[in-house]
Amino acid sequence: MTDSLGNLKRTHHCCQLRDTDINKEVVLMGWVQHRRDHGGVIFIDLRDKEGITQIVFNPENSKAVHEKAQEIRNEYVLGVKGKVIARPGDMLNPNMKTGAIEVLIDELSIFSRAKTPAFLIDDRVEASEAIRLQYRYLDLRRPRLKNNILARHKATMAIRNYLDNKGFVDIETPFLTKSTPEGARDYLVPSRVNPGNFYALPQSPQLFKQLLMIAGFDRYYQIVKCFRDEDLRADRQPEFTQIDMELSFINEQEVMEIAEGMIVAIFKKVLDIDLVIPFPQITYDEAMSRFGLDRPDLRFGLELCDISDIVKDAGFKVFANVVKNGGLVKAINAKGCSTFTRKQIDELTDFAAVYKAKGLAWIKIKENEWQSPIAKFFTDQEKDALRKRLDLELGDIVFFVADQPKITNEALGQLRNELARRLGLILDDTYAFTWVTHFPLLDYDETEKRYQALHHPFTAPLEEDIEKLSFDPLAVKSRAYDLVLNGIEIGGGSIRIHSTELQEQVLNCLGIDETEANEKFGFLLNALSSGAPPHGGIAFGLDRLMMLLCREDSIRNVIAFPKTQKATCLLTDAPSKASTSQLQELAIKVSKIEEQEFL
RNA sequence: GGGGGUGUAGUUCAGUUGGUUAGAACGCUUGCCUGUCACGCAAGAGGUCGCGAGUUCGAGUCUCGUCACUCCCGCCA
């Protein structure tokens with residue numbers, strides 16, 4: 001039998017007692033971190049959410065209690081009553097906050113016995129991801145995960161305080177809602193009372209927050225789950241949390257200012273770091289040109305350099321032909337890295353190939369010569385131009401990618417990040433923020449042969465570009481902005497379209513005709529024509545932000561109960577089969593399941 | 001949908017060219033120990049080598065398939 005709590009009342013937590021508390025009678029409750037049985041005296045490290053206190057069972061103090069304490073094992077849950085005493089002179093433990101004292105126990109309650117845990121509750125012990133997820137409640141006892149979750153709480157508190165002070169109203173929006181076209185795959189929920197019909201879980205509260213602006217709430221925020229049924233990554237879960245906000249009567253600069261203030265408040269509260277604002281802003285075009293990606297990592301240089309004009313007539317046909325066909329030839333000069341071996345270069349070539357680069361050309365700048373499979377194709381004049389453009393000096397190696405602009409930028413941009421990692425150019429405690437602005441409004445989907453919104457269909461085009469919608473849609477820039485931290489997109493938003501006519505025009509561009517538009521989001525178009533204020537907003541990925549704040553490399557480590565890469569939960573074994581009666585009630589037939597187990 | 005990595009004791013891993021009884025560390029159990037702090041000492045238990053086929057006199061090791069976890073590409077407005 002185990003003991004019940006009875007009248008025992010906790011007086012302190014396990015990180016609280018100091019030498020100033022000596023001689024106090026205290027009651028502690030917690031889990032057994034370690035047991036050290038010396039035959040006579042037994043030491044136990046008692047752990048709770050706050051920390052660890054050493055408790056002592058001494059047979060000279062109470063034989064019966066000492067006897068009972070023999071039984072204690074790791075992870076047992078105890079309540080103990082005793083006296084705070086000073087540790088003997090040289091027995092202080094400077095590594096513990098409570099290391100000056102210990103508690104000599106007079107009364108012991110064993111609330112729970114515990115099976116031997118699958119892994120030790122200690123950050124120094126490794127366990128596989130699968131085991132950690134299966135026993136998540138044990139992993140959450142360990143300091144690393146526990147502290148991440150506590151940091152997340154600090155962050156959300158800072159966010160709520162900040163936004164409340166700025167006049168934002170926290171409003172909940174429905175989870176059982178309507179499927180929206182465009183965007184990610186929806187999670188569907190069958191409706192029992194409307195057989196054959198389905199709700200969709202929201203990919204974001206986008207339309208509802210716009211409706212709230214039209215309703216006149218002026219400033220809205222929500223820390224809210226969003227659902228996207230797409231394949232997972234280290235920084236992507238099917239359900240994730242957004243810090244979602246929307247404001248009326250503002251422009252993009254004002255949204256960015258508010259957002260910066262919030263990020264500052266979070267960093268101050270969680271890390272006690274004072275960030276410098278405003279964050280730099282660069283346009284999408286500049287980001288692509290200099291860094292190859294729309295989420296540039298500004299912690300290091302290694303910028304990309306366009307050399308298409310220099311090589312357009314070169315004897316090296318690979319380069320020349322790419323330029324002739326509207327492609328792009330760009331290069332990165334890795335200063336002082338001409339010592340790269342053939343093997344290293346091959347690895348980098350394989351790396352670039354992942355991003356569809358057909359090859360990775362290179363030139364090593366050696367004494368008296370350019371060592372390279374392609375150097376012989378260039379005239380002295382071309383070499384001279386390259387030397388100047390790329391700042392080529394003795395000991396450099398320069399990498400080239402030649403392809404369609406999209407591939408050249410992506411491959412070389414990713415190579416830039418990889419080179420920085422390999423060369424150790426990335427400093428640990430640097431937080432390099434940047435806004436990326438002036439995204440294109442649309443891009444062209446080759447497989448579906450139509451335009452699609454880069455951000456979403458409700459993003460406003462730049463005023464001066466609106467007329468181009470009819471004759472050159474791809475040249476239209478939008479009023480969208482992303483916030484990027486260390487090469488990772490942590491938030492994005494836009495000024496929205498608040499005019500019915502413009503909204504219809506953009507939908508038209510996307511190939512959504514009036515009938516379809518009315519069917520899919522006629523409610524929004526109606527609302528827009530019922531008095532819509534100019535408005536815009538932004539949403540941050542709370543999980544990604546916390547991942548960066550906690551220096552984790554997966555968002556699973558900042559989510560209490562995350563999913564595996566196949567979107568399952570190893571703890572609860574979700575998703576699982578539905579019973580025939582459940583399915584019948586929902587008017588659903590399951591096909592293509594090999595061995596359907598009837599429950 | 002595609003590519004890479006991993007899977008051996010409760011946990012983390014080692015396991016040679018295919019060869020006798022599959023090892024280590026930690027954890028666990030028992031005993032000893034009154035000042036430890038991931039205590040120490042001694043003894044012990046613990047294995048469907050992910051699963052299924054195949055090759056072979058013989059498979060943890062080789063081949064094929066399959067499952068799980070993970071990283072990436074596609075996908076993710």
Side-chain angles (χ1 to χ4, degrees), chain A residues 33-47 52-61 66 70 73-75 85 87-96 98-99 102 104 115-135 138 180-186 203-204 206-207 226-238 240 350-357 410-411 414 418 439-443 445 447 451-459 478 480 489 492-494 506 510 512 539 541 553-554 556 563-566 568 570:
Chain A
Q33 178 70 36
H34 287 296
R35 167 184 74 109
R36 292 177 294 279
D37 183 348
H38 284 254
V41 68
I42 299 172
F43 297 103
I44 282 171
D45 292 336
L46 195 68
R47 180 195 72 236
I52 288 176
T53 298
Q54 174 167 286
I55 61 177
V56 192
F57 294 91
N58 193 323
E60 287 167 11
N61 188 54
H66 179 266
Q70 304 272 5
R73 293 294 181 271
N74 281 350
E75 300 309 315
I85 57 175
R87 295 198 189 185
D90 55 344
M91 294 303 158
L92 304 185
N93 186 339
N95 300 322
M96 291 172 76
T98 56
E102 60 196 9
L104 183 61
K115 288 189 288 196
T116 302
F119 49 85
L120 280 183
I121 309 304
D122 189 319
D123 284 338
R124 290 168 292 195
V125 172
E126 302 265 330
S128 72
E129 187 96 22
I131 295 286
R132 289 176 53 206
L133 289 172
Q134 189 184 343
Y135 300 97
L138 296 182
T180 47
E182 311 278 308
R185 199 175 292 115
D186 287 315
Q203 296 176 28
S204 87
Q206 181 60 35
L207 294 179
C226 300
F227 305 87
R228 294 178 191 175
D229 186 6
E230 297 292 350
D231 286 340
L232 289 81
R233 288 285 189 282
D235 62 353
R236 262 164 41 189
Q237 289 266 307
F240 62 100
D350 290 344
F351 179 87
V354 170
Y355 303 96
K356 307 280 185 299
E410 171 83 9
Q414 295 285 1
E418 176 67 11
F439 280 81
L441 185 70
L442 309 165
D443 66 2
D445 187 326
T447 43
Y451 295 109
Q452 56 181 24
L454 205 73
H455 193 57
H456 57 55
F458 319 108
T459 298
S478 73
E489 181 204 325
S494 63
V506 168
L510 295 170
I512 300 173
D553 44 23
S554 162
R556 288 189 299 278
K563 301 269 187 293
T564 68
Q565 198 172 34
K566 283 191 75 187
T568 65
L570 295 180

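Per chain, numbering begins at 1; letters A, B, ... match sequence-line order.
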Requested in this report: Quote, to the nearest angstrom, the P distance that separates B:rA9 from B:rG52.
Outcome: 16 Å
Query raised in the report: Would the number of heavy atoms belonging to other residues, nucleotides or ligands and lying under 6.0 Å from CD of A:Glu230 be above 12?
Result: yes
Query raised in the report: Under 4.0 angstrom, heavy atoms only, what part of the nucleic acid is A:Gln203 near: base, sugar-phosphate, or nothing?
Result: nothing
Requested in this report: Give one of base, sugar-phosphate or nothing for A:Leu232, where a contact means two heavy atoms less than 4.0 Å apart.
Outcome: nothing
**Report entry** B:rU11 and B:rC57, which share atom name C1', separated by this distance in whole Å
**Finding:** 37 Å
Query raised in the report: Using a cut-off of 4.0 Å on non-hydrogen atoms, how would the nucleic acid contact of A:Leu570 be classed: base, sugar-phosphate, or nothing?
Result: sugar-phosphate
Query raised in the report: A:His456 or A:Pro88: which one's nearest nucleotide on RNA chain B is closer to the 5' end?
Result: A:Pro88
Query raised in the report: Among B:rC69, B:rU12, B:rC73, which is the nearest nucleotide to the side chain of A:Glu126?
Result: B:rU12
Report task. Please state whether the phosphate of B:rC69, meaning OP1 or OP2, lies under 4.0 angstrom from any side-chain nitrogen or oxygen of A:Thr568. Result -> yes
Query - Rounded distance in Å between the C1' positions of B:rU29 and B:rG46 - result: 10 Å
Query raised in the report: Salt bridge check: are A:Arg233 and A:Asp235 linked by an N-O gap of less than 4.0 Å?
Result: no
Query raised in the report: Watson-Crick or G-U wobble partner for B:rC26, using a 3.5 Å limit on both distances?
Result: B:rG10
Query raised in the report: Do A:Asp231 and B:rG74 have a side chain to base donor-acceptor pair shorter than 3.5 Å?
Result: yes
Query raised in the report: Counting any heavy atom closer than 4.0 Å, what does A:Ile131 reach on the DNA or RNA strands: base, sugar-phosphate only, or nothing?
Result: sugar-phosphate
Report task. Taking atom C1' in both B:rC72 and B:rU56, compute the distance separating them and give it to the nearest angstrom. Result -> 38 Å
Requested in this report: Please lay out, stage by stage, how A:Asn74 and A:Thr116 fare under the test side chain to side chain contact (heavy atoms under 4.5 Å, CB included).
Outcome: CA-CA 7 Å; A:Asn74 281 350; A:Thr116 302; over 6 Å; no
Query raised in the report: Ignoring hydrogens and geometry, is there a side-chain-to-backbone donor-acceptor pair from A:Thr568 to A:Lys563 under 3.5 Å?
Result: no
Query - Nearest to side-chain heavy atoms of A:Tyr355, which nucleotide of B:rC76, B:rG35, B:rC73 - result: B:rC73
Query raised in the report: Base, sugar-phosphate alone, or nothing: which one does A:Arg132 contact when heavy atoms must sit under 4.0 Å apart?
Result: nothing
Query raised in the report: For A:Gln203 and A:Asp186, does a side-chain donor sit closer than 3.5 Å to a side-chain acceptor?
Result: yes
**Report entry** Complementary nucleotide for B:rC33 - Watson-Crick or wobble, under 3.5 Å
**Finding:** none
Requested in this report: Using both distances under 3.5 Å as the test, list the Watson-Crick or G-U wobble partner of B:rA38, or none.
Outcome: none
Requested in this report: Decide yes or no, distance alone: a donor-acceptor N/O pair under 3.5 angstrom between the base of B:rC37 and the side-chain of A:Arg87.
Outcome: yes
Report task. Would you kindly say whether A:Gln54 and A:Arg36 are connected by a side-chain donor-acceptor distance under 3.5 Å? Result -> yes
Requested in this report: Would you classify A:Asn74 as touching base, sugar-phosphate or nothing, given that sugar-phosphate means primed atoms plus P, OP1 and OP2, and contacts are heavy atoms under 4.0 Å?
Outcome: sugar-phosphate
Query raised in the report: Under 5.5 Å between ring centres and under 30° between planes: true for A:Phe43 and the base of B:rU36?
Result: yes
Query raised in the report: At under 4.0 Å between heavy atoms, what does A:Gln452 touch on the DNA or RNA strands: base, sugar-phosphate, or nothing?
Result: nothing
Query raised in the report: How would you label the contact of A:Glu102 with the nucleic acid (heavy atoms, under 4.0 Å): base, sugar-phosphate, or nothing?
Result: base
Query raised in the report: Is a donor-acceptor pair below 3.5 Å formed from side chain A:Arg73 to base B:rG27, judging by atom type as modelled?
Result: no
Query raised in the report: When we call it a touch if two heavy atoms are under 4.0 Å apart, what does A:His38 touch: a base, just sugar-phosphate, or nothing?
Result: base
Report summary line: The Watson-Crick or G-U wobble partner of B:rU63, with both key distances under 3.5 Å, is B:rA53
Report task. Would you indicate what A:Arg185 reaches in the nucleic acid, counting non-hydrogen atoms under 4.0 angstrom: base, sugar-phosphate, or nothing? Result -> nothing
Query raised in the report: With respect to the side chain of A:Arg36, which nucleotide from B:rC73, B:rC39, B:rC75 is positioned closest?
Result: B:rC39
Query raised in the report: Within the structure shown, what part of the strands sits under 4.0 Å from A:Gln54 by heavy-atom distance: base, sugar-phosphate, or nothing?
Result: base
Query raised in the report: In terms of the nearest nucleotide of RNA chain B, which residue is placed more toward the 5' end: A:Thr116 or A:Ala130?
Result: A:Thr116
Query raised in the report: What distance, rounded to whole Å, do you find between the two C1' atoms, one in B:rU6 and one in B:rG60?
Result: 15 Å
**Report entry** All salt bridge (charged side-chain N to carboxylate O under 4.0 Å, His left out) counterparts of A:Arg73, not counting sequence neighbours
**Finding:** none
**Report entry** C1' spacing across the pair B:rA14 / B:rC26, given as an integer number of angstrom
**Finding:** 15 Å
Requested in this report: Could you let me know what B:rG46 is paired to, Watson-Crick or G-U wobble, both distances under 3.5 Å, or none if it's on its own?
Outcome: none
Requested in this report: Take atom P in B:rG2 and the same atom in B:rU66, then report the distance between them in whole Å.
Outcome: 10 Å
Query raised in the report: When you measure from the side chain of A:Met91, which nucleotide among B:rC76, B:rC37, B:rA38 comes out closest?
Result: B:rC37
Query raised in the report: When the P atoms of B:rA22 and B:rG47 are considered, how many whole Å apart are they?
Result: 12 Å
Query - Nearest to side-chain heavy atoms of A:Asp45, which nucleotide of B:rC37, B:rC75, B:rC72 - result: B:rC37
Query raised in the report: More than 12 non-hydrogen atoms from neighbouring residues, nucleotides or ligands closer than 6.0 Å to OH on A:Tyr135, yes or no?
Result: no
Query raised in the report: Can you find a donor-acceptor pair, distance only, under 3.5 Å between A:Arg228 side chain and B:rC76 base?
Result: no
Query raised in the report: Across the strands shown, which category fits A:Ser204 at heavy-atom distances under 4.0 angstrom: base, sugar-phosphate, nothing?
Result: base
